[in-house]
Amino acid sequence: MAIFYDQTNKLFHLKTSKISYYLLINEIGMLQHVYFGKSLDEMHIDSLLDLGEDWSRYYLDAKTKEEKTYQNVYVNHSLFEIPSFGYSDKRVSSIKLESKCDNKTDFRYVSHKIYQGKPSILNQPTFRNNFSDATTVEFTLKDITKDIYLLLAYTIYENDCIVLRNTKLINNSEDSVYLTKASSVVLDIPRKDLLLTHFPGDWCHERQIREDLLSEGCKRISSNTGRSSHEHNPFFFLSDKTTTENDGDVYGFSLVYSGSFMADFEVNKWGQTRVSIGINDEEFKFEIKPTATFDFPEGLIAYSANGFGDLSRELHDIIRKNLIKIPSMEIKEEILLNSWEGCYFDFDTDKMLSYIKKAKTMGVELFVLDDGWFVNRDDDTSGLGDWYVNEKKIDLKKVIDLCHELKMRFGLWIEPEMINQKSKLYTNHPEYAVGNPNVDRYLSRHQMPLDLCNKQAVDDVYKMIANILDNYEIDYVKWDHNRTIDFGHSQCLENRQGEFYHRMVLGYYDLAKRLTENYPNILFHGCASGGGRFDLASLYYFPEIWTSDETDPIQRLFIQYGTSYMYPLITMGAHVSKNPMTSYLTKAHIALFGTYGFEFDPNKLKENEIEELMKVNDIFHKYHQEVISEGDLYRLYSPFKSNYFSMCSVSKDKCTALVLFMNMIKETRQYRFLKLAGLADEKLYRNDYDNQVYSGKYYKEIGINLTRWLDEFTSILVVLEEV
Ligand code: DGJ
């Protein structure tokens, strides 16, 4: 058992080989946070909880009417797991609940149980419960004035550095209550001066790296557009100012959620930092009827004492091991050609047949037909919602047959969560579109979100898409989502519009669950105008996601670098496009550090360009799975902090590594060495750059000699193999 309970002190120790998390039930029955950090057996509660003064420890006992002093409970600045709201704790709140009389909450301990495994949540994605080394402590808490209960579960895995938090609210009262704030994670950290590393962005500019030093006051990062968003991603790190890639304390936070989220940070006058992350509360008001329950999205916190690089590798491992589900490594490790950047909507059967034939000669193993194959879809003004093949435009069977004849697989694009006004679906069911029909609606890319709060709409779209998947041999589906969700209004929610955004997310999960579970052999690839929904919940359904619509390979370096802080390379959709910014060789090197694939008109490539790709194809087949998809990533140079980009991925057995180096500006021949990381000190490796053999230690301490003229935007890829 990795969770220990010390009954005398009512102290819980959640312990793995890497971390310890301590919490206790205090004298008034609140869950109080004690410690989160390095694995530690020694804990001196009295010293840790003593905050040095008395005046915030007095209570007037409601029953006896006597004054009491609680030793270790400072109502407004102790560290809490579920802080109260509306009483004396004035820091940023975690749960707000409107009832007939107020919106106060204060949950106190009722009971707990410790068990193997983790709680199962049925209607939302979570880290999977398939681990024999998972242990959970689950608390039952009750509000002090209402018959409202919380089941609060903490799960740890024996050899990992994360704590997962799951919360279920149960309404045992006789009236409806309205949840208006639902934080999945609250962490009170007893210090200030933490550096927040977060990942803001935009379309074609996702997950840039920003650092802000948190000081007194509040800060929020969030998305309020119905998806995890381009603008911010629901993960961030808090660290010491001095933490580096390889050293120092760092905490990671994330939400397993694809919708609007918020993360609040507050530093108070006592030098404490509170972090709270959950569903965005801006337009959130969810009715919980008597006997009904509400599941919060799963929250994750992680810790490493060994810098950002180590924490990223830990997170990559747990995501690969316990979140993503890959139908088969065979299809996952195939070279793909997607039609979009090659021809957009402008294709017919002959053009696609010519793409496939040419692609075959370039080593392509999976051909994906992107947007434009269904009825009424020759541009982006119409068709979404009518998931029937446009037989006048494309003979889909013929296209698939050719793929199979050439021993290639076939994939198809869909965008099931959207509807165009110009579609049969809208004509028959105008109520399936999001928005109030009596008010002008804002279109984006001429489309409206499908109302996923409406079960019938979800069922209808499911049936149309299942019909395609049943009637054509499809191995891969690209699932797109091309507009933000705003104008939140569902015609089936009547006076419960505050539930709209969260119900849209639940509708997305429902559709994704049904399609992925009923078609388990299909590889689903997520996408949202590029990387607008790159999050842990989407990864639960789609083991890879299109990282960005940006085709400029240099810009992609920044995007891929930022994305790698949380998400493993195996999940990052990355293609070589026609963008002329660099050579095909360099574009392919960059795509290699993702899923690898092509997105251009194959007939337009020159012979020498194809040759460049073929070289990288060979490397892909030889090393990609073991080194990139399943290996350990070491970031060597950040393009955000230097003129270089460099990453090294090392196979788990440390026998092979791939190193990508890229300089952003032209540099003359200067004395310069590229130091590597992640190799085994004592092993000897031959590198194919100067063809020399050095030890892992030498590569780490001295590195590869790059004293030469460096042209801008020209990559160097080095393969290292143990000799
Ligand atoms: C946006 C995606 O990000 C692109 O890759 C492409 O699939 C288009 N949508 C198609 O409309």
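Please read these numbers as outputs of a predicted model, since none were measured by experiment. When a ligand or atom number is given, it counts from 1 through the structure's own listing order. What's counted below: heavy atoms across the whole structure, side chains too, no hydrogens, waters or symmetry copies.
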S.K.: Once rounded to the nearest 0.5 Å, what's the spacing between atom NZ of Lys332 and atom CG of Leu366?
M.R.: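 Those atoms lie 11.0 Å apart.
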S.K.: Students should be able to answer this: which protein heavy-atom is nearest to atom 7 (O) of ligand 1, and at what distance?
M.R.: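 Looking only at protein heavy atoms, the one closest to atom 7 (O) of ligand 1 is Asp370 OD1, 2.7 Å.
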S.K.: Please determine if Glu330 and Arg409 form a salt bridge, counting it only when a charged side-chain N lies under 4.0 Å from a carboxylate O.
M.R.: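 Here Glu330 pairs with Arg409 in a salt bridge, since their nearest N and O are under 4.0 Å apart.
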S.K.: Could Asp346 and Lys351 be called an ion pair, given the rule that one side-chain N must be under 4.0 Å from one carboxylate O?
M.R.: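 Looking at Lys351 together with Asp346, the answer is yes, because their closest N to O distance falls below 4.0 Å.
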S.K.: Which residue and atom name correspond to the protein heavy atom nearest atom 11 (O) of ligand 1, and how close is it?
M.R.: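 Protein heavy atom with the smallest distance to atom 11 (O) of ligand 1: Asp371 OD2, 2.7 Å.
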S.K.: Taking heavy atoms and a distance under 4.0 Å, where does Ser529 meet ligand 1: side chain, backbone, both or neither?
M.R.: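 It is the backbone that touches ligand 1; the side chain stays farther off.
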S.K.: Do me a favour and list the nearest non-hydrogen protein atom to atom 2 (C) of ligand 1 with residue, atom name and distance?
M.R.: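 Result: Asp480 OD2, 3.2 Å.
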S.K.: I need the Thr381 OG1 to Phe345 CZ distance, nearest 0.5 Å.
M.R.: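 The CZ atom of Phe345 is 8.5 Å from OG1 of Thr381, to the nearest 0.5 Å.
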S.K.: Counting each atom of ligand 1 from 1 as listed, which ones have a heavy atom of Arg445 under 4.0 Å away?
M.R.: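 So the answer, numbered in order with elements, is 10 (C), 11 (O).
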S.K.: Decide side chain to side chain contact (heavy atoms under 4.5 Å, CB included) for Asn420 and Asp386; before the verdict, give the C-alpha distance in whole Å, the side-chain angles of both, and the deciding distance to 0.1 Å.
M.R.: CA-CA 9 Å; Asn420 280 122; Asp386 295 343; over 6 Å; no
S.K.: For ligand 1, which atoms sit closer than 4.0 Å to a heavy atom of Cys527?
M.R.: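 Going through ligand 1 atom by atom, the ones under 4.0 Å from Cys527 are 2 (C), 3 (O).
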S.K.: Looking only at protein heavy atoms, which one is nearest to atom 3 (O) of ligand 1, and what is the separation?
M.R.: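 The closest one turns out to be Asp549 OD1, 2.4 Å.
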S.K.: Which is closest to atom 1 (C) of ligand 1 by heavy-atom distance: Leu384, Thr551, Asn482, Thr547?
M.R.: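 Ranked by closest heavy atom to atom 1 (C) of ligand 1, first place is Asn482.
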S.K.: Less than 6.0 angstrom separating the ring centers of Phe374 and Tyr388, yes or no?
M.R.: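 Here the rings of Tyr388 and Phe374 have centres that are no less than 6.0 Å from each other.
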S.K.: Before signing off on this row, confirm whether Arg377 and ligand 1 have an N or O atom pair separated by under 3.5 Å.
M.R.: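 In fact, backbone or side chain, Arg377 has no N or O that close.
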S.K.: Considering the heavy atoms of Trp546, write down every atom of ligand 1 situated less than 4.0 Å from one of them.
M.R.: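 Going through ligand 1 atom by atom, the ones under 4.0 Å from Trp546 are 3 (O), 5 (O).
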S.K.: Assess the pair Tyr257 and His502: is the distance between their ring centroids shorter than 6.0 Å?
M.R.: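 For Tyr257 and His502, the ring centres are under 6.0 Å apart.
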S.K.: Using a 4.0 Å heavy-atom threshold (strictly under), name the region of Glu415 that reaches ligand 1: side chain, backbone, both or neither.
M.R.: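 Contact part for Glu415 vs ligand 1: neither.
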S.K.: Need the ligand 1 atom indices (1-based, order shown) with element for anything under 4.0 Å from a heavy-atom of Gly530.
M.R.: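 Those of ligand 1 that fall under 4.0 Å from Gly530 are 3 (O).
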S.K.: Of all the atoms in ligand 1, which lie at a distance below 4.0 Å from a heavy atom belonging to Lys478?
M.R.: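 It comes down to these atoms of ligand 1: 4 (C), 5 (O), 6 (C), 7 (O).
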S.K.: Relative to Phe593, does Arg556 satisfy both conditions: NZ or CZ under 6.0 angstrom from the six-membered ring centre, and within 45 degrees of the ring's axis?
M.R.: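 No, Arg556 and Phe593 do not form such a contact.
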S.K.: With distance as the sole criterion, is a donor-acceptor pair present between the side chains of Trp203 and Glu550 under 3.5 Å?
M.R.: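 No, no side-chain donor-acceptor contact under 3.5 Å.
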